[in-house]
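Labels below follow one simple rule: chain letters A, B, ... track the order of the sequence lines, proteins then strands, and each chain is numbered from 1.
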Amino acid sequence: MTTSQFLDMNPAQQQAVRYLDGPSLVLAGAGSGKTRVIISKIAYLVNQCAYQPGSVFAVTFTNKAALEMRERLQKLLGAQKAEELNISTFHSLGVRMLRENAQAVGLKARFSVMDAQDCFALVQSLVATTDKARLKAVMQQISLWKNALIDPDQAAGLAKTARELDAVRLYHSYQASLRAYQAVDFDDLIVLPCQMLVNEPSVRERWQNRVRYLLIDEYQDTNACQYQLVRQLTGARAMFTAVGDDDQAIYGWRGATMENLALLEQDYPQLKLIKLEQNYRSTQTILTAANTLITRNPKLFEKQLWSELGNGEAITVSRLEGELEQAQAVAIRLSAARTEKRAQWRDFAVLYRSNQQARMMEQALRDLRIPYTVSGGQSFFDKAEVRDVLAYLRLLANEYDDPAFIRAATTPRRGIGQTTLQTLGEYAAKRHLSLFAAAQEQGAQSVIQPKQREALASFVGFLQRFASRASKPAGQQPVAGLLDELMAGIDYEHYLYDVSADDRAARVRWQNVLDLLDWLKTRAADSDWGLTELVQHIALVTMLERQGDQSPDAVTLSTLHAAKGLEFAHVYLIGIEEGLLPHLGRESDDEVLIGSAQRIEEERRLMYVGITRARRSLHLTWCARRRRGGQDHACEVSRFVAEMGLEEQPSVADPNASLTPKGRLDMLRAMLTRPS
DNA sequence: ACAGAATCAAATTAT
DNA sequence: TTGATTCTGT
């Protein structure tokens, strides 16, 4: 790597890359080449500053960002060095830290990582209630406490509102259960490594020696715990670069605090502040709208984005009758724009506030045979058949994982039911045993009915045949063979045909299982990971990795949150309505009052993120009516439209208003095929 | 233990 | 309207 990599960089970018005299904070506006700076800096460290690739760490929030970073570095550094770099999400780094030193926080190395669904089920089992909203509130509160490094005892002292008092009662038992299962939740993946570094000087020293330089992406999205982790990892040398943008802080609801940006200045007086203000992505028209909107928010740092790309196309704002009309209009216009601009499908994105808005959009795109991919939505790993198989693997990786035991024991049906599990559970609880261990004891077997006893014994015997193989050292585990035998042993394919409505559905579900197995085998083969490592990581993985290298030419459908970091030539923001885009929760909640102004500000940043995804054209749509719950409801256009300095355009006279949606669709389709 | 019928609630955002 | 969960009977 030579200085050539700097030739087309502006002075601020070059400075951000070259600055190595101490900690630095790079305030990178949207589209200002942030990722490029991080990548160049890593290459610079390795190629010109003699850093060992293995001593450079970079943390991101999503697997996708980490993956992209590694791919781009492969081109700059070659496969060998790129492989040695430590590029990962915060959570993957946490898993790794815990695995290497689990006993320091009282865990076995073979712990389980429970995803949000597992945790929800756990809380549900702790408190006998059907109130879903209450369970969610409890979980969120516990999560917020964890992210702020507040343990159950401290929380007990702090809890004041009814909601907090409710949550604090469960916080203790929730943690106790996780511990009993040798399991951690997502928050623990940051909290526990953090505690480990604080409490164990020898561990801390080892990590500080290992991490010679640390780069943190999307710094505005870090929470108190992650801030602490960064501090502990970098220690007194404080060799790190944090990159972030306070205008794009959109994860306050999960504990992120953009005050972490300001906190850096306090904690590191020598901090070097670098601003990237030139935008290379969008037209001036789009940037002006974004800037105008965001000036409504109080500023942490002053920052003025500018562009050399000229004004370009005007932004459009369109009012549509309902959701269906909106989806169809967007599909039609998008399709027409592609022809007009001689663009590809991949140049277009439709962005929305909440996942459910994708449904109707998908329908409309399908009707017009427009290829699309839905980004976000980790549907694959949420599928029942996938979770079933993973339950077996989790149990093999960690015999204390009682939730996995229960799921595996009852699917496929093998004569072990609720009564049996309850008896077994009572026996295990008395003796502080895992369900799996209890099931192997004479004492437990004697209190269970003969028929069930036999079923249980056969289940346990079956698993034991695999357990010894799964606990072999990671390098010499024939993971592929183990998986195949396991699947054959439980005859899962047969089970799927039994329980599915029709053979077609069963075929699809079995294919999902095969995809999962394939994914696991591939990962095992080229990472020398064993079953334990694979299973520990799988909760953190989303579908994106499965789509593979070759992305087909397709329109992107994405939530605004999932769209952060992406860019598209042409962006359609749909559902720009009061209540939806400034999203308003239920007003009856006693907690809601706390920061309504702050909530609007975060929603405004979300809008800002959406706008700044667009390179060349931006189109906003909103619905006059929307089905909410059961009945129709009138909607207003979002306040953000006016705040951007835009007006609703005189709506295109709609001669087809009296047509049925189907008729209109046919008509529009006909118009499309006609040359203009 | 399990499958079908009745009832009920529904709407953030995600590692 | 759906989709999911709970109840009931075998």
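Between A/Phe61 and A/Phe90, the angle of the ring planes lies from 30° to 60°, which puts this pair in the tilted group.
Comparing B/dA11 with C/dA4, their C1' atoms are spaced 15 Å from each other, to the whole Å. As rounded to the nearest Å, B/dA14 and C/dG3 have C1' atoms that lie 22 Å from one another.
We find that CZ of A/Arg359 is positioned 13 Å from C1' of B/dA10, with the value rounded to whole Å. As a whole-Å value, the separation of A/Gln220 CD from B/dT15 C1' is 15 Å. Atom CD in A/Gln356 sits roughly 13 Å away from atom P in C/dG3 (whole-Å rounding). In this entry the distance linking CD1 of A/Ile250 with P of B/dA14 reads 9 Å, nearest Å. The separation between A/Trp253 atom CH2 and B/dA14 atom C1' is 5 Å, rounded to whole Å. Here C/dA4 presents its P atom at 15 Å from CD of A/Gln124, a figure rounded to the nearest Å. A/Leu67 has its CG atom 14 Å from the P atom of B/dT15, to the nearest Å. Here C/dT1 presents its P atom at 14 Å from CE of A/Met360, a figure rounded to the nearest Å.
Which of B/dA14, B/dA1, B/dT13 sits closest to the side chain of A/Thr420 comes down to B/dA1.
Stacking annotation: A/Tyr251 is not stacked on the base of B/dT13 (requires ring centroids less than 5.5 angstrom apart and an interplanar angle below 30 degrees). Stacking of the aromatic ring of A/His583 onto the base of B/dT12 is found: the ring centres lie under 5.5 Å apart and the planes are inclined by under 30°.
The side chain of A/Arg413 places an N or O atom within less than 4.0 Å of a non-bridging phosphate oxygen (OP1 or OP2) of B/dA3. The phosphate of B/dA1 (OP1 or OP2) has a side-chain N or O of A/Thr419 nearer than 4.0 angstrom. Look at A/Asn355 and you won't find any side-chain N or O under 4.0 angstrom from OP1 or OP2 of B/dT12. At B/dA14, none of the side-chain N or O atoms of A/Arg254 fall inside 4.0 Å of OP1 or OP2 (strictly under the cut-off). One finds a side-chain N or O of A/Thr559 lying less than 4.0 angstrom from the OP1 or OP2 phosphate oxygen of B/dA14.
Side-chain contact, A/Arg110 with A/Asn398: no donor N or O sits under 3.5 Å from an acceptor N or O. Under the 3.5 Å distance criterion, with hydrogens and angles disregarded, no donor-acceptor pair is assigned to the side chains of A/Gln248 and A/Tyr608. Looking at A/Asp401 and A/Gln182, their side chains never bring a donor and an acceptor atom within 3.5 Å of each other.
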TODO: Evaluate the salt bridge (Lys or Arg N to Asp or Glu O under 4.0 Å) criterion for residues A/Glu218 and A/Lys34: first the C-alpha distance (whole Å), next the side-chain angles of each, then the deciding distance (0.1 Å), finally the verdict.
DONE: CA-CA 9 Å; A/Glu218 306 285 10; A/Lys34 170 196 75 157; 3.0 Å; yes
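Using a 4.0 Å heavy-atom cutoff across all strands shown, A/Phe186 reaches at least one base atom of the nucleic acid.
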